[in-house]
Amino acid sequence: MREADVRRATEHAVGAGCDVLDALVSLNIVTSRRLAIARAKICEYPYVDLSNYEIDFRNTRALARAAAERLCAFPLFIVGGVATVAMLDPLNLQAVDQLRQLIKAEIDPVLAEPEHIRALIGRAYSLARPEGEQAHDLDEEGLTTGDEPIVAAVNQIMSGAAEAGASDIHINPDEQDLRLRYRVDGVLQGQQGPPRSAHAGIVQRLKVLAKLDLTQTRKPQDGKFRFQHKNESVDVRLSLVPTIHGENVVMRLLRSAARIGEIKDLGMPEAMSRAFGELIEKPHGMFLVTGPTGSGKTTTLYTAIAHLNDPSRNIMTIEDPVEIRLPLVRQIQVNAEVGLTFASALRSILRQDPDVVLVGEIRDQETAKIAVQSALTGHLVFSTLHTNDAVGAVARLRDFALPNFAINSALLAVIAQRLVRRLCPECSKPEEPAAIHLALGESPLLSQSSFRQPGGCPRCMNTGYKGRLGAFEMLQATQRVRELIEQDAPAVRIAEAARLDGMTSLWEDGLRKAAQGLTSLDEVASLRAGIDDTEAQPERIAA
């Protein structure tokens, strides 16, 4: 550290009335972590990174919140009459004596970063009701006050989910317990949450936020609201369903348009990404994306819409619900109660002079027919279908009684996609050779590849995975494919023709990503489900 930095920090400390060490951090001369580690070495006490620990919030019963905040300390473990306490200053003997008297145990101090201790105190005391405190009903007036314990608990649940990158929050009442789970990277993960006695208050608070009927507990209710997390707005879809143990809560967290990237960020193979960019620039035609719920279809479609979005185009969408909001784009929310369906809305917006139309999902024959007619009359139409693979979209359109010539004339391409978990870069390790040979046989991919498997570390919550990436296949309406569609050929023949024209399957794309060490063979194995073996034998995969 330079002398000039120390002098600047000293001057700042005098002016701000704070400690010189705090001034060093606030001026970004050193990080809070480096400072804490240095202090731990000087004090000869262990440094603890609280983000690496699963804290038992029941320890709040041992120390009142007021004392924890005043002493900037929290008991991490209490074992055999000894409490391991995270503190700002373990050399503060007066504070250690007070903690010994309050917790009624011997104190083993460890040093942690002050912001981590304060965040832990806020979360722990918000989600844990001290023993002996009785649950009580809160009226709407009390629920809207940020100082209420229930309000603080809900805020901690929402911010914790946003911090973890969760897509969904589940609050499930059992007979004795209240279970809190976040869906992270497609997998539900249990979290420490409030006690069972807090369930009614949490449900009431969520109903207030979503403007639902507070008195109705015997039928399902759906709503939505928005909250702020780190200066970013997060939209929430709330679903309440009555169960034998009370109302079950599921919330979907919707990412903002600011997180929609460019086409190259989707993770498609280079050739597919290039073809995707060229096809969506066509003035008319229909582009479909298929896959199960939660496979990233909306992200792919909105990436295309964001790419096309400029004042020279009139872009309109029909969705159920509107998950991502974009400027300039006219977005319509389906409302079956007033007769605003996909089909009726699509008829109406065609009178609004659109250039690009996004139909959230083709669910019925009427919507399919209007969408194809729109594509044939000079509009670029995007939509989704629920099929196992790209070729299956042709059969699905036929199921809607669309003639082959109309499908041929309208269809530009179909993308099928799935999401697989991305290996944590901190703890992944080389895959066992036996597992590789079992999956691939003698595939050319065995050479110059870096297959890896999950490990487990605090960063990935010991799952071995952090984030997700897409696996894609794209069926383009080439001349060879169009001829087979016109002949009413089966899906197997269309798939063979598409492969001759360069289509790679979901399995192949996933396998190449595994060969690059981005995901595991176990994750790629899930892509085989629903795919005909003739479409993706390992022996046929080129290096």
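Small disclaimer: the values here were computed from a predicted structure and weren't measured.
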Heavy-atom check, side chain of Gln221 versus side chain of Gln216, under 4.5 Å
yes

Any heavy-atom pair between the side chains of Leu209 and Val154 that's under 4.5 Å?
yes

Identify whether the distance between the nearest side-chain nitrogen and carboxylate oxygen of Arg181 and Asp168 falls below 4.0 Å.
no

Donor-acceptor contacts, no H, no angles, side chain residues 269-286, under 3.5 Å, sequence neighbours left out:
unit_1: Glu281; atom_1: OE1; unit_2: Arg313; atom_2: NH2; d: 3.2
unit_1: Glu281; atom_1: OE2; unit_2: His307; atom_2: NE2; d: 3.0

Close side-chain approach of Ile171 to Ile202, heavy-atom, < 4.5 Å
yes

Is there a side-chain contact between Arg330 and Thr317 in this structure, where contact means two heavy atoms from C-beta onward sitting under 4.5 Å apart?
no

Can you check whether Glu323 reaches Asp235 side chain to side chain, under 4.5 Å on heavy atoms?
no

Atom of Gly360, atom of Phe342 and distance for their closest heavy-atom approach
N-CE2, 3.6 Å

Whether the side chain of Thr519 engages the backbone of Arg421 through a donor-acceptor N/O pair (distance < 3.5 Å, no angle test) should be reported.
yes

Taking the side chain as every heavy atom from C-beta outward, state whether Gln333 and Asp320 have any pair of such atoms under 4.5 Å apart.
yes

Are any non-hydrogen side-chain atoms of Gln156 and Arg123 less than 4.5 angstrom apart?
yes

Given 3.5 Å as the limit, does a donor-acceptor pair link the side chain of Asn314 with the main chain of Asp353, or not?
yes

Main-chain N/O of Leu340 paired to Asn335 side chain as donor or acceptor, under 3.5 Å
no

Can you tell whether the side chains of Asp364 and Lys369 come within less than 4.0 Å, N to carboxylate O?
no

Do Lys297 and Glu361 meet the salt-bridge criterion of a basic N to acidic O distance under 4.0 Å?
no

4.5 Å side-chain heavy-atom contact, Met474 and Met503:
no

So, using salt bridge (Lys or Arg N to Asp or Glu O under 4.0 Å) as the criterion, who are the partners of Lys207 when residues are at least two apart?
Glu247

